[in-house]
Amino acid sequence: MPDVTALEIDEGAIQSFISSLTLAKVLPAIVTLIVCWILIKFLLRGLERFLAKTHIEKSLHGFLRTLTRIGLYSLMVLLTASQLGIEVSSLVAVFSIAALALSLAIQGALSNLASGIVLLSAHPFKVGDFVELDSISGTITDIGLTYTRLAMPDNKVIFVPNSAITSSKIINYTLEATRRVDIAVTTSHRYAIDDVKAALYQSAETVGNHLSSPAPIVYVTAYQDGNIQYSLRVWVETADYWNVYFALLEQIKRDFDTLGLQMSCPHLHIHMEQE
């Protein structure tokens, strides 16, 4: 019975609304609808021209167009309904309740969406950058509104939720034009410091492909148990980082062998006592 009563009330309200429609109400509503539709088309074209001239990421263009279109058409519906004598506040309440229910149902997706907007606005990285996101390292291949795609060095593809990216530490290895290659080498105390440093400088000169300013430099970085640790630091173009890094590792070993130098490795000393 309650359902039937509600249905009768709804039907009565609809019939009352239809009977109240007059030419004096319908004509202004139609005019408002046409004018709003024309203005919306004009504003959307203006938005397209504006987006084309700005530096906003293209991934955001579609989202901004959709959001603007929804807002303008919603406003058109409210204005037209007001001309027909419909209580606008009731429609606003219905829209608000529907929006709240939808947001609760897809709150995870909305979190990723908000994070995607932050990433596209803040520009912590761009497509083609090599980044580290906590324990994940790879090249950015696509920045979406909900997921960011990374290509791993072994050609695996990982889709990372944007909310996970904005809540983690981001290391961008290719944001700057230059990077420093650090090579740590440990040798015995019996080798003269000047001889070891000269060998490391020779390796850097042989490999080449590094910047002359800042020039390569070698430091003694630590005195360990029976060993001395050295650090060779070479500045390179970011694109040449790994080529120079691996080339230096090989060249240092060759030069050390030629000069009679040996790198130190951890040793385990075992003392045995005979009873």
Fill in the blank from the handout: Heavy-atom nearest pair, A29 first then T80, reads O-CG2, 3.9 Å
Practice task
Examine distances only and state if a side-chain atom of T238 and a backbone atom of E176 form a donor-acceptor pair shorter than 3.5 Å.
Solution key: yes
Completion exercise
ring-ring contact (aromatic ring centres under 6.0 Å, His included) filter on W37, not counting sequence neighbours, yields none
Practice task
Kindly check if the number of other-residue, nucleotide or ligand heavy atoms within 6.0 Å of OH (Y147) is above 12?
Solution key: no
Exercise for the section: Using a strict cut-off of less than 4.0 Å between a Lys/Arg side-chain nitrogen and an Asp/Glu carboxylate oxygen, indicate whether K197 and D195 qualify as a salt bridge. Expected result: no
Handout entry: F125 vs I143 side-chain heavy atoms within contact, under 4.5 Å
Key = yes
Exercise for the section: Please confirm whether the backbone N or O of T221 pairs with a side-chain atom of Y230, one donor and one acceptor, at under 3.5 Å? Expected result: no
Practice task
For atom OH of Y245, decide whether the heavy atoms of other residues, nucleotides or ligands shown that lie under 6.0 angstrom number more than 12.
Solution key: no
Practice task
Locate the shortest heavy-atom distance separating S188 from N227; write the atom from each residue and the value.
Solution key: CA-OD1, 4.1 Å
Practice task
Please check if atom OH in Y73 has more than 12 non-hydrogen atoms from other residues, nucleotides or ligands closer than 6.0 Å.
Solution key: yes
Exercise for the section: Give a yes or no on whether the backbone of A204 and the side-chain of H210 come within a donor-acceptor separation of less than 3.5 Å. Expected result: yes
Practice task
Kindly say whether V131 contributes a backbone atom to a donor-acceptor pair with the side chain of D129 at under 3.5 angstrom?
Solution key: no
Handout entry: T141 and R149 side chains, donor-acceptor separation under 3.5 Å
Key = yes
Practice task
Classify the side-chain pair S231/D182 by whether it contains a donor and acceptor separated by less than 3.5 Å.
Solution key: no
Exercise for the section: Answer yes when R254 and D257 have at least one side-chain N-carboxylate O distance shorter than 4.0 Å, and no when they do not. Expected result: no
Problem - Path from L120 to V160 over hydrophobic side-chain contacts below 4.5 Å - result: yes
